[in-house]
Trainee: 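First the structure, which I've put down as structure tokens, then a few questions once you've had a look.
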2 protein chains.
Amino acid sequence: MARSTIKDVAREAGVSVGSVSRVLNGLPVSPRLRQKVEEARSLLQYEPNSLARSMRTNSTGAVGFFVPDVANPLYGAIINSLDRRLNARGLMLLLASGRGRMARDVVAEFRRRQVDGLIFVPDSEDDADLMHDLERFSAPTVIQSVEFPSRFYGVRVGYRDGTRQAVDYLLDLGHRRIALLTPLPHLWPGRERQAGYREAFRQHDLTVDDDLIRPLAIGRDPLPDLKAVMQGPDRATALILPGSHILALALQQAREHGLSIPHDLSIISIGDNDWVATYAPAITTLRWPVETLVDALVDLLINQMDDRSLRPVQVIVPTELVLRDSCGPVPSTDGRAC
Amino acid sequence: MARSTIKDVAREAGVSVGSVSRVLNGLPVSPRLRQKVEEARSLLQYEPNSLARSMRTNSTGAVGFFVPDVANPLYGAIINSLDRRLNARGLMLLLASGRGRMARDVVAEFRRRQVDGLIFVPDSEDDADLMHDLERFSAPTVIQSVEFPSRFYGVRVGYRDGTRQAVDYLLDLGHRRIALLTPLPHLWPGRERQAGYREAFRQHDLTVDDDLIRPLAIGRDPLPDLKAVMQGPDRATALILPGSHILALALQQAREHGLSIPHDLSIISIGDNDWVATYAPAITTLRWPVETLVDALVDLLINQMDDRSLRPVQVIVPTELVLRDSCGPVPSTDGRAC
DNA sequence: TTGAAAGCGCTAACAA
DNA sequence: TTGTTAGCGCTTTCAA
């Protein structure tokens, strides 16, 4: 049997479709009418068709979310939190992912599907076409992790301050050869981390050895860079790493080279999770707060939905340096020619 | 300015809406017509409204996916792979999550949104109402990880064979006190793992010490159970753990008790990932293949969509025991009263 | 307070 | 090959 429609309910209840619609939408009706409709409704197990409803109301109750890679546990946490928040507001998550030119297709698809809002995590700032599409996207849009002065609503993580703080901490422990493995500077995270790194050195009146800054393209094997900074007489005595994957690799390398942590090598990882906290030694991390980030994302989106005349706002959520056991004073016996 | 519609394009091209529709849908038209329409289309930057289209065609091109908890990295991998597969077929992922009674609301929401298919990972088999909703769901449905003889299409992981194989391996190493930390048996994974465990013991003509089987409710602190099996003269010499989170805890406990791995304690973890492979010692795991699982999920769904008259099929994807360095022969000096 | 009817943007059947 | 038109299921005027 086919799904029942509002007509069926109207016929069953002996009223007009308009009246059924009013009951469904909580508009003022007589108790008698309401009761008749409710009875017919539950008898027929009627559920309104949100497609038809959306077409009339121009509102789908769906929010599009695009990330370059869903499998990244980092995004998993965001998606989870986002889903909860949107749910609480009666919104549903339309998820899509992909890299490079797929991003534009996704924007078009979200347009066709008439999403009420769009949260976008681009994997590049350089794609002018994509940026154009995003700019003329008709629904409220929030961009994460990318820098677009004043044109977009955006939420970004305060990696600059965070990284400066992390480097400060290492400098205070006496480290001078601090390696920074970081995403490419074409995107906010990579750019800001590098800036924070340089700021810290500048404030200490120290010069930066550019060989210790290793920008890593996505998908590139980080091992060569890791080896480059961990070997030789001038090796780094401290590492700042961009995530658990590379951290695991670094720990493995350290073992192979007989470097104990934190005695011979100090490590700070960016992004906190279960196992870095329980590893031996527990890893000091620069944590960025998922909940705060998602709150900002959702708030910015909802604000726009409520008042489309608002001017773009950009939020930076601060990071937190979580001190554990993977950092110690600089080793005195090696790492320096004498 | 408002979005342009098919009417605008028709007017601009000087043709009828029907003709525009035909061009849009690749039906046979004259080259001249096609060209006129394409010109108007790009001039107006027209994108068809999929809501209106869906209403006519009764097909939304959306697939609903429900999981109890998106943040679980396990599901992250599935979502990612699923998104890719569905994308390749022009389908979009509608994501929802939640526990307990929220599941039913989600099913209703998916119904209202007229998804073309539904993939569901329930967090319980006991919810008769939910099962009823799922059964009368109008679109093709595939259920994961739950056992419903013959009524549903389903994909499950072969934990029974896998666990038997893992226990076999430990028994062959001489272990007799093997602890199994496992989800509650009210769901397939918990039930099957326990069955596999018992099978292995039975095949070796050994009796099971029920105290070593520790069913863990979701959200419950696993530490007491971990401690219970890791302490005392009769402690377990081998652990089978349900995931990375508990693994991290167990490794921490082992350190605190001065148990070295695999010398004093052997460990097998279920579910493979980066860091268990790079941990020292590398952890032996029972891996379940995400790609195979998702392939099965999508295949079953697509098959149903193509031919609604098919009879339910249930697929079990096999696991793989990945041998690494966390298991060794049973320690001879302790763990047994003599 | 309720009913009747227009119309959202599109597809598909029917005509021409 | 193309145009005309009904109608998908709903909301929302406008009348009664």
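Convention: sequence-line order gives letters A, B, ...; per-chain numbering from 1. None of the values given here were measured: they were computed from a predicted structure.
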Trainee: Where the side chain of B/Asp83 meets the backbone of A/Ser97, is there a donor-acceptor pair that is under 3.5 Å apart?
Mentor: yes

Trainee: Taking five pairs at each end, how big is the angle between the two axes of the helix from C/dT1-D/dA16 to C/dA16-D/dT1, to 10°?
Mentor: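 Comparing the axis at each end, I get an angle of 40°.
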
Trainee: Would a distance-only check, ignoring hydrogens and angles, find a side-chain to backbone donor-acceptor pair under 3.5 Å from A/Arg41 to A/Tyr46?
Mentor: yes

Trainee: Can you measure from CD1 (A/Ile78) to CG (A/Leu82) and round to the nearest 0.5 angstrom?
Mentor: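 The distance works out to 8.5 Å.
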
Trainee: What string of B, S and - do you get for nucleotides 8-16 of chain D 5' to 3' if you count protein non-hydrogen atoms under 4.0 Å?
Mentor: BBBBBB---

Trainee: Provide the start and end nucleotides, 5' to 3', of the part of DNA chain C that has atoms under 4.0 Å from heavy atoms of chain A.
Mentor: C/dT1 to C/dG9

Trainee: Between A/Glu39 and A/Lys36, does any side-chain N to carboxylate O distance fall below 4.0 Å?
Mentor: no

Trainee: State whether the number of non-hydrogen atoms from other residues, nucleotides or ligands found under 6.0 Å of B/His186 atom NE2 is greater than 12.
Mentor: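 Yes, enclosed.
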
Trainee: Taking atom CZ as the centre, does B/Arg32 end up with more than 12 heavy-atom neighbours from other residues, nucleotides or ligands that are less than 6.0 angstrom away?
Mentor: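 Atom CZ in B/Arg32 is not packed in, count stays at 12 or less.
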
Trainee: Below 4.0 angstrom, N of the basic side chain to O of the carboxylate: do A/Arg113 and B/Glu47 qualify?
Mentor: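 Looking at A/Arg113 and B/Glu47, the cut-off is not met.
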
Trainee: Would A/Leu118 and A/Val63 count as a side chain to side chain contact (heavy atoms under 4.5 Å, CB included) if you check the C-alpha gap in whole Å, the side-chain angles of each, and the deciding distance to 0.1 Å?
Mentor: CA-CA 6 Å; A/Leu118 174 58; A/Val63 169; over 6 Å; no

Trainee: Can you measure from CZ (B/Arg156) to CG (B/Leu293) and round to the nearest 0.5 angstrom?
Mentor: 12.0 Å

Trainee: Closer than 4.0 angstrom, basic N to acidic O: yes or no for B/Arg104 and B/Glu109?
Mentor: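 No salt bridge links B/Arg104 with B/Glu109.
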
